[in-house]
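Whatever order the structure lists them in is the order used to number ligands and atoms, beginning at 1.
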Amino acid sequence: MKTGLKGKHLLCEQDWSNEELETLFKVAEELKMKYALGEDAEYCRLKTLFMLFFEESTRTRNAFECGITQLGGHGNYLTPKATQIDHGETPKDTIEVLSRMGHGIGVRNTLVGGHKWMAELAKHSKIPVYNMQCDIWHPTQSLADLFTIKEKFNNDLKGKKFVISWTSAGNYMRPLSMAQSLVTLMPRFGLDVTLAHPKGFELQPDVMEMARENARKNGSKFEVVYDMDEACKDADVVYAKGWGPIMTVGDDEVAGVKMINENPGWLVDSRRMKLAKESAIYMHCMPADRGIEVTDEVYDGPQSVIYDEAENRMHTIKALMALTMGNMTGRR
Ligand code: CP
């Protein structure tokens with residue numbers, strides 16, 4: 001088990017080795033049990049976590065904020081407007097100051113360039129920086145997803161078919177980050193990944209290369225298909241959510257939404273779940289567009305694990321904070 005993770009950033013799953021992530025999952029399991037038993041777990045007593053959100057959030061904010069409270073610390077909610085970032089204060093100056101006051105910082109910035117912004121912050125930070133979702137990655141979500149899959153399949157992941165499919169969610173352009181985190185993380189832990197999307201909705205080429213390389217190194221499979229039925233066939237996990245055709249149109253919202261709406265019918269319904277294995281689970285990071293990405297029957301149905309998945313955000317994030325900003329010994 002790899003420990004000694006104090007001060008380590010999490011900007012991307014790839015920054016952490018498999019061994020380090022297994023440590024995180026073990027700690028998350030322990031913290032989840034303590035939570036169920038109502039036991040204290042004050043590994044971050046009197047620590048302050050800054051939570052800087054450029055965009056809105058339900059799960060990520062509350063997983064971090066409830067998590068740091070339960071660990072005995074305090075979460076400080078910040079936005080660009082609530083700080084001098086909106087007036088142009090640089091990431092360097094912001095973090096130089098916050099590093100002298102608190103013990104960790106999470107940032108959500110999904111705009112194009114969001115990852116670059118937080119990488120610059122991390123470069124100057126004396127405290128761990130957590131990516132709460134950017135334009136490229138969403139690591140705290142994918143880690144909770146993997147933790148949930150490990151729970152549901154009793155850690156037996158080798159050769160299981162994991163499908164990440166695009167959906168026709170056309171009200172706005174969502175970032176690529178969720179799909180990119182999943183295709184790169186899951187093959188590292190034995191899952192065979194099938195990525196499905198219409199032509200024009202490709203992920204970043206460097207991320208695709210990383211996914212292929214991760215599959216190769218870990219003896220897993222990685223394939224791309226352009227048909228949702230084909231993807232769902234014999235799946236163990238059906239994970240479906242939309243993203244914009246950013247590799248095709250950049251940040252042109254009007255052109256992107258038009259392209260999404262030219263590809264209707266990519267949703268998970270009970271017919272598609274029947275193509276998957278009988279034991280298959282349905283996953284979504286939430287929020288989903290009900291009736292557009294998924295039918296109510298599936299979303300609220302017996303194969304859906306969405307609420308466990310959302311709860312696991314908190315347990316895995318608590319493990320992340322305890323390991324990287326905790327008291328080390330756990331002493332009070
Ligand atoms: N899945 C997820 O990141 O949800 P929020 O946008 O509500 O944080």
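Here Asp269 pairs with Leu267, Arg271, Arg272, Thr295 under the side-chain contact (heavy atoms from CB on, under 4.5 Å) rule; sequence neighbours left out.
The aromatic rings of Tyr239 and Phe162 sit tilted, their planes meeting at an angle between 30° and 60°. Below 30°, between 30° and 60°, or above 60°: for Trp166 and Phe201 the angle between ring planes is between 30° and 60°, a tilted geometry.
Through side-chain heavy atoms spaced under 4.5 Å, either directly or across other Ile, Leu, Val, Met, Phe, Trp or Tyr residues, Leu121 is tied to Leu11, Phe50, Leu52, Phe54, Leu78, Ile85, Ile95, Val97, Leu98, Met101, Ile105, Val107, Trp117, Met118, Ile127, Val129.
For residues 193-203, the pairs satisfying side chain to side chain donor-acceptor pair (under 3.5 Å) are Thr194-Glu223, with sequence neighbours left out.
Sorted by chain and number, the heavy-atom contacts of ligand 1 below 4.0 Å come from Ser57, Thr58, Arg59, Thr60, Arg108, His138, Gln141, Cys285, Met286, Arg313.
Arg174 forms a cation-pi arrangement with Tyr172, by the criterion of a distance under 6.0 Å to the ring centre and an angle within 45° of the ring axis.
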